[in-house]
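Following: one structure in structure tokens, then a few remarks.
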Amino acid sequence: MIKIKELYANYKEFIMEVIHFGMVGVINTLMGWGIMAILYNLIHLSYYLSSGISYFIGSIFSYHANAKVTFKVEHRDKWLPWRFAINIIVCYLVAFNAARPLVRYLLNSQPAEVVDNVAMVLGMGIFIVMNFFGQKLFVFRKRNNG
């Protein structure tokens, strides 16, 4: 039977990445939700414009914080920002285009504002999971030096 200490020792790097990603994500999510809620509920921008602007601003913070704190990138090649941007765009499009129809189906009797707010929260959740693995495996992947 594997002991918890052994399990931790075997997966320490991954566990620490998840914890650091989570810490960066909490800050980013609070900031992002605030921006999204203000743009959608107070300024009355559309679902996609509100969430898109929020994710654009949050992505700038996330890029720098995750490169330095989470994945400890020492070498930043010229393609790194492009891989990051592609990852963000793909995660955003998949997450928010999946969340809205699903929530519309599940909450079809609710007002559009309720549906869109719930869809934005679900979209954020889907985005977070996809984004972690996209950043780990595609953006900030470990380079082989030999």
Side-chain angles (χ1 to χ4, degrees), residues 2-104 106-107 112-146:
I2 296 177
K3 295 180 183 175
I4 291 179
K5 285 184 181 181
E6 289 176 30
L7 193 60
Y8 176 75
N10 291 337
Y11 295 100
K12 181 180 180 182
E13 183 180 352
F14 178 76
I15 291 167
M16 294 311 295
E17 287 174 346
V18 170
I19 290 169
H20 288 134
F21 189 83
M23 290 170 20
V24 168
V26 166
I27 295 166
N28 200 15
T29 299
L30 292 174
M31 177 180 67
W33 178 249
I35 292 167
M36 204 180 321
I38 289 168
L39 293 175
Y40 183 81
N41 294 306
L42 297 179
I43 299 176
H44 304 292
L45 295 181
S46 73
Y47 171 83
Y48 287 108
L49 200 50
S50 299
S51 59
I53 290 169
S54 168
Y55 272 78
F56 178 78
I57 294 168
S59 294
I60 294 168
F61 167 75
S62 178
Y63 172 77
H64 294 289
N66 282 317
K68 184 175 182 95
V69 176
T70 304
F71 300 107
K72 296 174 179 49
V73 175
E74 295 175 16
H75 176 75
R76 295 188 189 194
D77 64 58
K78 66 181 179 180
W79 297 107
L80 188 61
W82 294 104
R83 287 194 311 267
F84 185 85
I86 290 166
N87 179 65
I88 294 295
I89 291 166
V90 168
C91 291
Y92 171 80
L93 290 173
V94 170
F96 283 84
N97 281 311
R100 198 176 198 197
L102 177 61
V103 173
R104 276 186 175 162
L106 295 173
L107 302 178
E113 294 80 17
V114 171
V115 169
D116 282 351
N117 277 285
V118 172
M120 285 188 280
V121 171
L122 178 60
M124 290 172 77
I126 296 168
F127 179 91
I128 288 166
V129 173
M130 289 181 63
N131 187 35
F132 172 78
F133 286 104
Q135 286 190 38
K136 179 167 181 57
L137 302 173
F138 176 64
V139 178
F140 300 118
R141 66 185 181 263
K142 302 286 187 212
R143 295 171 30 148
N144 289 336
N145 293 331

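- In the model, Gln135 has a side-chain atom that pairs as donor or acceptor with a side-chain atom of Asn131 under 3.5 Å.
- Between the CZ atom in Phe133 and the SG atom in Cys91 there is a gap of 11.5 Å [rounded to 0.5 Å].
- Closest heavy-atom contact between Leu107 and Val115: O-CG2, 3.5 Å.
- By the 4.5 Å heavy-atom criterion applied to side chains, Asn41 and Asn117 are counted as neighbours.
- Distance check, rounded to the nearest 0.5 Å: NZ of Lys12 to CE of Met16 gives 7.0 Å.
- The nearest pair of heavy atoms linking Phe140 to Ala67 is CE2-CB, 3.6 Å.
- Ala95 and Gly123 get closest at one heavy-atom pair: CB-O, 3.4 Å.
- Nearest heavy-atom pair, Ala119 versus Ala99, reported as atom, atom and distance to 0.1 Å: O-CB, 3.4 Å.
- For the ring pair (Phe, Tyr, Trp, His ring centres under 6.0 Å) with Phe84, the qualifying choice from Phe138, Trp79, Tyr63 is Tyr63, the only one to do so.
- Annotation: the span from Leu39 atom CG to Ser46 atom OG amounts to 9.5 Å, rounded to 0.5 Å.
- For the pair Asn87 and Arg83, the minimum side-chain heavy-atom distance is 4.5 Å or more.
- Ring geometry, Tyr55 versus Tyr92: the interplanar angle falls from 30° to 60°, so the pair is classed tilted.
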### Task
With side-chain contact (heavy atoms from CB on, under 4.5 Å) as the test, would you mind laying out the steps for Ile88 and Phe127 before giving the verdict?
CA-CA 9 Å; Ile88 294 295; Phe127 179 91; 3.7 Å; yes
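- Ser51 places a side-chain N or O within 3.5 Å of a backbone atom of Tyr47 that can act as its donor or acceptor partner.
- Of the inter-residue distances, the one linking Tyr40 atom OH with Leu49 atom CG reads 12.0 Å to the nearest 0.5 angstrom.
- In this structure, His44 NE2 and Ser50 OG are separated by 10.0 Å, a value rounded to the nearest 0.5 Å.
- Heavy-atom minimum distance, Asn28 versus Gly58: OD1-CA, 3.1 Å.
- Taken to the nearest 0.5 Å, the OG1 atom of Thr29 stands 4.0 Å off from the CD1 atom of Ile128.
- Among residues two or more places apart in sequence or in another chain, the side-chain contact (heavy atoms from CB on, under 4.5 Å) test is passed with Glu13 by Glu17, Lys142.
- Heavy atoms of other residues, nucleotides or ligands lying less than 6.0 angstrom from CZ of Phe61 number more than 12.
- More than 12 heavy atoms of other shown residues, nucleotides or ligands fall within 6.0 angstrom of atom NZ in Lys72.
- Taking every heavy atom of both residues into account, Tyr48 and Asn97 meet most closely at OH-OD1, 2.6 Å.
- Under the ring pair (Phe, Tyr, Trp, His ring centres under 6.0 Å) criterion, the residue pairs touching residues 14-35 are Phe14-Phe132, Phe21-Phe132, with sequence neighbours excluded.
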